[in-house]
Novice: 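Here it is, the structure, as structure tokens.
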Protein chains: 2
Amino acid sequence: MNREIVERLRHLGILPSAQRVAVAKFVLQTTRHPCAEEVLAAVREEVPMISLATVYNTLHLFAEKGLLRELALSEGKVVFDPRMDPHHHLIDEDTGAILDLDWSALRVEHAAEAARAQGFEVSEYQVVLRGRRAARRPARSTAAPKGKRRAR
Amino acid sequence: MNREIVERLRHLGILPSAQRVAVAKFVLQTTRHPCAEEVLAAVREEVPMISLATVYNTLHLFAEKGLLRELALSEGKVVFDPRMDPHHHLIDEDTGAILDLDWSALRVEHAAEAARAQGFEVSEYQVVLRGRRAARRPARSTAAPKGKRRAR
DNA sequence: TCATGGGTCTAGAATAATTCTTATCTGAGA
DNA sequence: TCTCAGATAAGAATTATTCTAGACCCATGA
């Protein structure tokens with residue numbers, strides 16, 4: 001498993017140091033959207049003396065080489081997303097968590113045209129949704145209101 | 001003109017101090033998306049002693065009261081947008097400038113459904129496009145665009 | 001008049017995320 | 001083995017933002 005990560009890095013012209021492999025191993029496999037501090041914490045399990053600066057360097061290097069993407073969606077900090085295929089993002093307004101939505105889950109029309117009308121050539125776009133987890137289904141046992149549930 | 005700003009603030013239950021009126025006068029009329037520092041610079045023309053802390057306080061207060069919106073689109077800093085009607089954003093990858101796109105300029109379908117499929121109730125969404133100004137009619141001139149900008 | 005108090009303001013300290021600096025280390029080749 | 005480019009660690013520096021503490025302003029009531 002390390003083997004294939006090493007190969008992947010080499011293939012992009014990245015020297016596969018222990019630190020880089022550890023970072024790659026963590027970020028490429030997560031489905032979350034970790035920030036640099038979270039990557040640091042996770043990677044320290046394996047490479048205890050790695051520094052924050054190295055984590056930043058490595059993440060930026062990876063982003064530059066197309067191994068992952070930097071996202072500045074929520075305020076304050078940048079997070080990293082290993083999914084490189086186009087997709088959308090849904091932000092939990094309560095927790096700040098970021099979820100992926102498949103590209104095909106919704107449809108955007110006329111994006112390129114709208115930008116062109118402003119004299120721009122679009123290089124990428126995505127829909128950013130914000131919302132909150134819907135109220136938990138009332139459990140049928142106790143305080144569940146009888147009758148059909150109405151959304152909204 | 002100040003009169004109507006004062007009225008608008010009062011109407012929202014905001015005490016219209018000189019500082020607040022000056023901030024409102026600037027942010028509500030701009031079509032750009034200024035960050036706090038820019039607001040400070042602009043407002044200092046009129047109220048030279050105003051502090052950065054007051055600018056932040058005022059902008060957050062306004063956002064809370066629904067007078068403007070905070071956007072965390074690009075990395076690093078938050079900007080403020082006086083347009084409160086739903087619309088989309090187009091980011092110039094070269095300059096970082098943010099343009100508005102009318103809601104009707106493009107169409108998004110199934111946004112609410114896509115979020116609901118994840119157990120979320122959407123409260124808002126927007127399309128974020130990134131691109132660059134289309135080359136100005138290359139015109140077959142010899143001079144290739146020199147000096148590429150360094151992205152940042 | 002003067003004291004009181006609520007709300008606002010400023011300057012500067014504090015914090016958080018990120019980048020920079022510099023000295024040190026490492027490993028692939030000459 | 002020696003060398004040197006590239007990588008790393010530690011901590012300083014920078015940038016954006018928030019917090020703190022005290023000063024200020026002004027309406028009110030004794």
Side-chain angles (χ1 to χ4, degrees), chain A residues 5-6 9-10 12-27 33-44 46-65 67-81 96 98, chain B residues 5-6 9-10 12-24 26-27 33-44 46-65 67-81 96 98 150-152:
Chain A
I5 286 181
V6 168
L9 296 186
R10 271 224 178 82
L12 292 166
I14 300 172
L15 269 192
S17 70
Q19 290 86 333
R20 288 171 175 179
V21 171
V23 169
K25 211 159 118 186
F26 173 69
V27 258
H33 297 75
C35 65
E37 285 286 355
E38 289 168 328
V39 174
L40 178 69
V43 168
R44 279 237 162 112
E46 188 160 338
V47 188
M49 60 307 179
I50 193 174
S51 73
L52 182 57
T54 297
V55 169
Y56 273 108
N57 286 340
T58 303
L59 291 171
H60 287 150
L61 176 65
F62 287 0
E64 205 171 287
K65 297 294 190 176
L67 209 50
L68 45 80
R69 190 185 297 242
E70 302 187 19
L71 300 179
L73 292 178
S74 23
E75 28 149 315
K77 67 180 77 168
V78 171
V79 301
F80 297 85
D81 186 350
I98 300 173
Chain B
I5 286 181
V6 168
L9 295 186
R10 270 220 181 84
L12 291 167
I14 300 172
L15 270 193
S17 70
Q19 289 85 335
R20 288 171 177 178
V21 172
V23 169
F26 174 69
V27 257
H33 297 73
C35 66
E37 285 286 355
E38 289 167 330
V39 174
L40 178 69
V43 168
R44 280 239 162 111
E46 188 159 340
V47 187
M49 289 310 295
I50 193 172
S51 74
L52 182 57
T54 297
V55 170
Y56 273 108
N57 286 340
T58 303
L59 290 170
H60 287 150
L61 176 65
F62 287 0
E64 204 171 286
K65 298 293 191 178
L67 211 49
L68 44 79
R69 193 185 295 245
E70 303 188 20
L71 300 179
L73 292 177
S74 26
E75 33 159 304
K77 65 182 75 167
V78 171
V79 301
F80 297 85
D81 186 350
I98 300 173
R150 216 173 74 78
R152 166 130 300 265

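Not measured: the values here are computed from a predicted model.
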Novice: Give the rounded distance in Å between these two atoms: CG of B/Leu61 and P of C/dC9.
Specialist: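 So the two atoms are 9 Å apart, to the nearest Å.
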
Novice: Rounded to the nearest 0.5 Å, what separation is found between the CG atom of B/Leu68 and the CZ atom of B/Phe80?
Specialist: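 With rounding to 0.5 Å, CG (B/Leu68) is 7.0 Å from CZ (B/Phe80).
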
Novice: When you measure from the side-chain N and O atoms of B/Ser17 to the phosphate of C/dG7, is any distance below 4.0 Å, counting only OP1 and OP2?
Specialist: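 Result: no.
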
Novice: How many whole angstroms separate atom CG of A/Asn57 from atom C1' of C/dC25?
Specialist: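 In whole Å, C/dC25 C1' and A/Asn57 CG are 16 Å from each other.
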
Novice: Side chain of A/Val78 only, please: which of C/dT18, D/dG11, C/dC9 is the nearest?
Specialist: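 Of all the options, the side chain of A/Val78 is nearest to C/dT18.
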
Novice: What nucleotide, of D/dC19, C/dG7, D/dT17, holds the atom closest to the side chain of B/Leu15?
Specialist: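 Nearest nucleotide to the side chain: C/dG7.
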
Novice: Look at all strands and tell whether A/Glu37 reaches a base, only sugar-phosphate, or nothing, counting heavy atoms closer than 4.0 Å.
Specialist: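 Touches nothing.
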
Novice: Within the pair A/His60 and C/dT19, is there a side-chain N or O less than 4.0 Å away from OP1 or OP2?
Specialist: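 Looking at the OP1 and OP2 atoms of C/dT19, one of them is under 4.0 Å from a side-chain N or O of A/His60.
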
Novice: Rounding to a whole Å, what distance do you find between A/Arg10:CZ and D/dG6:C1'?
Specialist: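 These atoms are roughly 15 Å apart.
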
Novice: If you measure from CG on B/Leu15 to CZ on B/Arg10, what distance do you get to the nearest 0.5 Å?
Specialist: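 Taking CG in B/Leu15 and CZ in B/Arg10, the distance rounds to 8.0 Å.
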
Novice: Determine the minimum heavy-atom distance between A/Gln19 and A/Val47, stating which atoms define it.
Specialist: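 A/Gln19 and A/Val47 have their closest heavy atoms at CG-CG1, 4.3 Å.
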
Novice: In whole angstrom, give the distance that lies between atom CG of B/Leu52 and atom C1' of C/dT8.
Specialist: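 In whole Å, C/dT8 C1' lies 16 Å from B/Leu52 CG.
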
Novice: Could you state the atom-to-atom distance from CE of A/Met49 to C1' of C/dT24 in whole Å?
Specialist: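 About 14 Å, once rounded to whole Å.
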
Novice: Please report the distance, rounded to the nearest Å, between CG in B/Leu9 and C1' in C/dG7.
Specialist: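 It is 15 Å, rounded to the nearest whole Å.
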
Novice: Of the options A/Val21, A/Ile50, A/Val55, A/Thr58, which is the one that meets A/Val43 in a side-chain contact (heavy atoms from CB on, under 4.5 Å)?
Specialist: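 So the option named by the test is A/Ile50.
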
Novice: Answer with base, sugar-phosphate or nothing: what part of the nucleic acid does A/Ile50 contact at a heavy-atom distance below 4.0 Å?
Specialist: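 Touches sugar-phosphate only.
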
Novice: Counting distance only, does the side-chain N/O of B/Glu38 pair as donor-acceptor with the main-chain N or O of B/Cys35 below 3.5 Å?
Specialist: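 Looks like yes, one N/O pair under 3.5 Å.
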
Novice: In whole angstrom, give the distance that lies between atom CZ of B/Phe80 and atom P of D/dA16.
Specialist: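 Answer to the nearest Å: 13 Å.
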
Novice: Examine D/dT17: is either OP1 or OP2 under 4.0 Å from a nitrogen or oxygen in the side chain of B/Tyr56? Give yes or no.
Specialist: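 Yes, because at least one side-chain N or O of B/Tyr56 sits under 4.0 Å from OP1 or OP2 of D/dT17.
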
Novice: Please report the distance, rounded to the nearest Å, between CG in B/Leu40 and C1' in D/dT18.
Specialist: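 Distance, rounded to whole Å: 15 Å.
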
Novice: With respect to the side chain of B/Arg20, which nucleotide from C/dT10, C/dT8, D/dG6 is positioned closest?
Specialist: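 In terms of side-chain proximity for B/Arg20, the closest of C/dT10, C/dT8, D/dG6 is C/dT8.
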
Novice: May I ask you to evaluate whether A/Thr54 reaches the phosphate of D/dA9, defined as a side-chain N or O under 4.0 Å from OP1 or OP2?
Specialist: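 Looking at the OP1 and OP2 atoms of D/dA9, one of them is under 4.0 Å from a side-chain N or O of A/Thr54.
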
